[in-house]
Amino acid sequence: MFNTGEDLQSSPFAPSVPPVSSITEEVIEKAEEKIEKSEEKIENSTVTERSDCDELRVVNCSDPRVLIAVERFNLKLFKSIVFLEYQTPVNGSKPNECDVAWRFRNKKEKSWRKYRDFRRFRFGYAENCTYKIVRGSGWHSGVNAKRLFRSKVNATRTVANAKVAPGMLDDEINDTLPSLGSEMNFRKGKYLYYLRGGDYCKGMNQYMWSFLCGLGEAMYLNRTFVMDLSVCLASTYNPRNTDEEGKDFRYYFDFEHLKEVASIVDEGEFLRDWKKWDRAHKRKVPVKKVVTHKMTPMQLRKDKSTIIWRQFDAPEPENYWYRVCEGQAAKYVQRPWHALWKSKRLMNIVSEISGQMDWDFDSVHVVRGEKAQNKELWPHLDSDTSPDALLTKLQGMIQPWRNLYVATNEPFYNYFDKLRSQYKVHLLDDYKELWSNTSEWYNETTLLNNGRPVEFDGYMRVAVDTEVFYRAKTRVETFYNLTKDCKDGINTC
């Protein structure tokens with residue numbers, strides 16, 4: 001499991017969520033008062049009186065009272081999410097049904113990203129001829145209220161040979177590459193360029209630690225960071241046990257948010273423009289090459305070169321980016337964790353899974369894999385996470401027949417079948433349609449990859465598993481609840 005900036009609760013560098021208006025009981029009551037006042041005016045100007053509720057038998061979905069009934073119903077049912085805005089309800093499939101769409105944010109997520117849901121509601125009537133909801137259907141059931149999210153789908157997000165279904169893109173994702181603009185802008189700018197080093201193809205935790213060192217130095221020097229969007233996925237996340245080069249940063253991280261909080265430019269575009277404008281004029285762009293991490297950010301603070309070019313050609317571990325931020329530099333360069341969020345494409349899958357369980361579920365994180373096989377460092381882990389041991393342990397912690405999400409690296413799907421005798425068990429592979437070739441995620445990543453399909457890889461699985469786990473009402477950890485073995489091996493607790 002791993003964290004990024006939207007998970008940090010106590011970091012001094014994590015900004016608070018900006019104030020966003022939400023739908024609360026107070027807001028609903030004010031809307032009701034407004035409706036009542038307008039109805040009083042109508043009644044005072046007419047001689048007819050309403051004697052029964054016959055007019056509600058066919059629901060007028062555009063009646064403001066319909067939306068109020070939905071808002072109040074949702075507030076009571078979904079305690080873990082914040083409702084941000086609703087669309088006007090539309091007709092369902094029957095006279096007493098309406099489909100309603102809304103945007104929301106999960107209370108446990110520290111970011112301010114919006115997600116969407118649309119559901120079908122069946123209406124009856126209560127006292128004083130007011131609407132009441134007889135039945136609310138499940139996640140994404142209100143298909144008539146589903147908007148075609150195409151407002152931002154333009155030439156920058158289309159590829160000729162990419163087959164994308166209409167409406168299967170998230171219009172709130174904008175991760176187009178920032179442009180340097182004119183040569184004048186380029187020459188006026190100040191850049192920090194990190195040449196690829198030994199961190200490439202290492203674990204993602206090391207990648208993040210090093211990437212944020214470089215970005216932090218750029219912020220300290222008040223420079224634009226030149227970043228390589230090509231990520232190498234380490235073999236540990238790949239069942240084929242091989243490194244995978246050429247992955248796009250935007251598969252894993254929220255590039256739009258990064259652009260909002262940091263000055264960055266894509267390495268490919270930067271190098272093309274640098275080469276072009278160097279050739280066009282005899283006046284070369286001023287460059288300072290730095291060949292050792294021992295040259296500190298403090299020593300570079302007053303350098304006036306257009307480009308500071310850090311090169312990492314030394315043997316490992318001298319060529320790790322994060323070495324720049326060690327020692328005295330750690331007092332000056334702060335890693336901007338708040339700049340790095342998980343990709344909204346992955347977080348949309350997290351919301352889909354959580355929403356399909358109606359945000360009412362518990363979760364257990366079961367670590368197995370290589371650790372369970374290594375009896376020298378984890379002598380009890382295998383037996384403590386056996387099917388019988390899991391069932392015994394969870395029966396004392398989670399109520400029977402609850403939705404139970406199992407976040408795990410155990411590859412055998414039926415390993416958790418014994419839990420099904422007591423719980424409604426959910427595994428990541430139960431939701432394969434969310435990254436299948438008919439999914440929004442598939443279409444989004446295919447566009448990024450120039451029309452070529454993208455594999456839902458091991459790191460993506462870990463990211464989604466982690467975030468669904470965090471959203472559970474009761475969370476059971478492997479090394480805290482299931483076993484007395486230490487997380488990092490014997491005698492490391």
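Given the structure is predicted, the values throughout are model-derived calculations rather than measurements. Worth knowing before you read on, the calculation uses all heavy atoms, side chains too, and leaves out hydrogens, waters and symmetry mates.
- If you check the side chains of His293 and Tyr322, you find no donor sitting under 3.5 Å from an acceptor.
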Requested in this report: Dump the intermediate steps for ring-ring contact (aromatic ring centres under 6.0 Å, His included) on Tyr207 and Tyr200, then the final yes or no.
Outcome: CA-CA 7 Å; Tyr207 170 82; Tyr200 198 67; 8.5 Å; no
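- Asp382 and Gln373 are not linked by any side-chain donor-acceptor pair at a separation below 3.5 angstrom, with hydrogens and angles left out of the test.
- Side-chain atoms of Thr408 come within 3.5 Å of backbone atoms of Val366 as a donor-acceptor pair (strictly under, hydrogens ignored).
- Checking Trp112, Phe78, Trp359 one by one against Phe104, the ring pair (Phe, Tyr, Trp, His ring centres under 6.0 Å) holds for a single residue, Trp359.
- Of all heavy-atom pairs spanning Arg116 and Trp139, the tightest one is O-CH2, 3.6 Å.
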Query - ring-ring contact (aromatic ring centres under 6.0 Å, His included) between Phe270 and Phe186, intermediate numbers included - result: CA-CA 9 Å; Phe270 175 81; Phe186 177 79; 5.7 Å; yes
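- A donor-acceptor pair under 3.5 Å links the side-chain atoms of Lys108 to the main chain of Ala472, judged by distance alone.
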Query raised in the report: Yes or no on ring-ring contact (aromatic ring centres under 6.0 Å, His included) for Tyr191 and Tyr193, after CA distance, side-chain angles and deciding distance?
Result: CA-CA 6 Å; Tyr191 305 93; Tyr193 176 32; over 10 Å; no
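- The salt bridge (charged side-chain N to carboxylate O under 4.0 Å, His left out) pairs that include a residue from residues 315-334 are Lys202-Glu316, Glu318-Arg323, Arg323-Glu326, where partners are two or more places apart or lie in different chains.
- Taking the centre of each ring, His426 and Phe361 stay at or above the 6.0 Å mark.
- Ser354 and Tyr405 share no side-chain donor-acceptor pair at under 3.5 Å.
- Looking only at distances, no side-chain donor or acceptor of Trp378 sits under 3.5 Å from a matching main-chain atom of Ile490.
- Cation-pi check for Arg335 over Trp209 is met; the charged atom lies under 6.0 angstrom from the ring centroid and within 45 degrees of its normal.
- Asp488 pairs by the salt bridge (charged side-chain N to carboxylate O under 4.0 Å, His left out) definition with nothing, not counting sequence neighbours.
- Of the possible polar contacts, none joining the Lys259 side chain to the Pro178 backbone as a donor-acceptor pair under 3.5 Å is found.
- At a cut-off of 3.5 Å, with distance as the only test, no side-chain donor of Asn106 or Tyr470 sits close to an acceptor on the other residue.
- Of the possible polar contacts, one joining the Thr445 side chain to the Tyr442 backbone as a donor-acceptor pair under 3.5 Å is found.
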Report task. Before giving the answer on side-chain contact (heavy atoms from CB on, under 4.5 Å), spell out for Met227 and Phe249 the whole-Å C-alpha distance, their side-chain angles and the decisive distance to 0.1 Å. Result -> CA-CA 10 Å; Met227 67 172 290; Phe249 177 93; 3.8 Å; yes
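- Of the N and O atoms on the side chains of Asp199 and Gln206, at least one donor lies less than 3.5 Å from an acceptor on the other residue.
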Requested in this report: With salt bridge (Lys or Arg N to Asp or Glu O under 4.0 Å) as the test, would you mind laying out the steps for Lys344 and Glu444 before giving the verdict?
Outcome: CA-CA 11 Å; Lys344 188 168 188 287; Glu444 289 279 359; over 6 Å; no
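- Taking 4.5 Å as the limit, some side-chain heavy atom of Phe469 sits within range of a side-chain heavy atom of Glu477.
- To the nearest 0.5 Å, atom CZ of residue Arg223 and atom CD1 of residue Ile307 are 9.0 Å apart.
- Ring geometry for Phe83 against Trp102 counts as perpendicular: the plane angle is over 60°, on a 0 to 90° scale with 30° as the lower cut.
- Residues Thr296 and Gln299 bring a donor and an acceptor atom of their side chains to less than 3.5 Å of each other.
- For the residue pair Asp384/Ser386, the side-chain donor-acceptor check at 3.5 Å is not satisfied.
- Taken to the nearest 0.5 Å, the CZ atom of Arg250 stands 4.5 Å off from the CG atom of Leu448.
- Between the side chains of Lys107 and Ser80, not a single donor N or O lies within less than 3.5 Å of an accepting N or O.
- Between the side chain of Thr492 and the backbone N or O of Cys486, no donor-acceptor pair lies under 3.5 Å.
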Query - Leu419 vs Leu394, side-chain contact (heavy atoms from CB on, under 4.5 Å): CA-CA, chis, key distance, verdict - result: CA-CA 9 Å; Leu419 296 178; Leu394 291 177; 3.9 Å; yes
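- Ser230 and Asp228 share no donor-acceptor pair across their side chains, judged by distance under 3.5 Å alone.
- Applying the salt bridge (charged side-chain N to carboxylate O under 4.0 Å, His left out) test to every pair with at least one member in residues 351-362, sequence neighbours left out, gives these pairs: Arg119-Asp358, Asp360-Arg402, Asp360-Lys473, Asp362-Arg402.
- Ring-plane geometry between Phe456 and Trp435 is classed as parallel, the angle between the planes falling under 30 degrees on a 0 to 90 degree scale with a further cut at 60.
- Open room surrounds OH on Tyr480; 12 or fewer heavy atoms of other groups in view lie less than 6.0 Å from it.
- Using a 30° and 60° split on the angle between ring planes, Trp309 and Trp274 fall in the perpendicular class, above 60°.
- Under a cutoff of 6.0 Å and an axis angle of 45°, Arg345 and Tyr251 do not form a cation-pi pair.
- There is no side-chain donor-acceptor pair under 3.5 Å between Gln395 and Tyr423.
- For the 3.5 Å distance criterion, the side chains of Thr385 and Arg368 qualify, holding a donor opposite an acceptor.
- Residues Tyr252 and Tyr459 place their aromatic rings such that the two centres sit under 6.0 Å apart.
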